[in-house]
Amino acid sequence: MQNADPDSLFNHYRSLIQLRNQSDALRVGDWIPVKTKPNKIVAFVRHTDNEKLLVIINPSEDTIDEYGLNLDSGPFESQAGAKLIFGDGPIVDPTINENGGFSDYRPLESLPPQSTFIFDLTP
């Protein structure tokens with residue numbers, strides 16, 4: 001039964017739905033695509049005035065060790081720190097540019113296959 005397996009796809013989606021229900025940014029926030037290298041990963045920002053989240057998805061079957069995230073301008077403030085609210089691993093804070101974005105940001109050392117991470121970058 002997938003319900004009994006904490007690592008099942010069923011429970012993965014259940015956790016994402018619970019997080020979405022608790023987050024204004026994920027429910028009604030503005031959406032900004034993030035440029036990714038390589039194109040195998042998907043990243044975007046969801047934000048409101050009070051909440052700023054970065055979502056990274058690796059839908060591929062490969063671990064991705066070499067990657068970079070770029071957002072020319074965005075909603076972030078210079079003192080933004082990263083807090084992982086979905087997923088697991090040691091994280092690195094972003095360096096925010098003067099336009100509220102970031103360049104070649106790598107919040108995690110690697111992205112495991114078929115993984116999802118959500119970072120809170122609200123100061």
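Only a predicted model underlies this, so the values are computations on that prediction, with no experimental measurement involved. Computed over heavy atoms, backbone and side chain alike; hydrogens, waters and symmetry mates excluded.
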Please enumerate all residues that pass side-chain contact (heavy atoms from CB on, under 4.5 Å) together with [X], with sequence neighbours excluded.
X: Pro59; result: Ile57
X: Glu77; result: Gln79, Pro123
X: Ser110; result: Thr63, Asp65
X: Asn99; result: Ser73, Asn97

Heavy atoms only: give me the nearest [X]-[Y] pair and the separation to one decimal.
X: Arg106; Y: Val92; result: O-CB, 3.9 Å
X: Gly29; Y: Thr48; result: CA-CG2, 3.8 Å
X: Arg27; Y: Arg20; result: CG-O, 3.2 Å

Query raised in the report: Charged N to carboxylate O below 4.0 Å: is that the case for Asp120 and Lys52?
Result: no
Query raised in the report: How many angstroms lie between CG in Leu26 and CD1 in Ile118, if you round to the nearest 0.5 Å?
Result: 5.5 Å
**Report entry** Side-chain donor/acceptor of Arg46 to backbone N/O of Leu53, under 3.5 Å
**Finding:** no
Query raised in the report: Are Ser115 and Asn58 side-chain neighbours, meaning at least one heavy-atom pair lies under 4.5 Å?
Result: yes
Query raised in the report: What residues, two or more places apart in sequence or in another chain, satisfy salt bridge (Lys or Arg N to Asp or Glu O under 4.0 Å) together with Lys83?
Result: none
Requested in this report: Say whether Ile85 and Trp31 are linked into one hydrophobic cluster, either directly or through other cluster members, by side-chain heavy-atom distances under 4.5 angstrom.
Outcome: yes
Query raised in the report: Linking Ile, Leu, Val, Met, Phe, Trp and Tyr through side-chain heavy atoms less than 4.5 Å apart, which residues share a cluster with Leu71?
Result: Ile32, Val34, Ile41, Val45, Leu54, Ile56, Ile64, Tyr67, Leu69, Phe76, Leu84, Ile91, Ile96, Phe102, Tyr105, Leu108, Leu111, Phe117, Phe119, Leu121
Query raised in the report: Checking side chain to side chain contact (heavy atoms under 4.5 Å, CB included) for the pair Ser23/Glu51: CA distance, chi angles, key distance, verdict?
Result: CA-CA 8 Å; Ser23 167; Glu51 189 176 30; 3.0 Å; yes
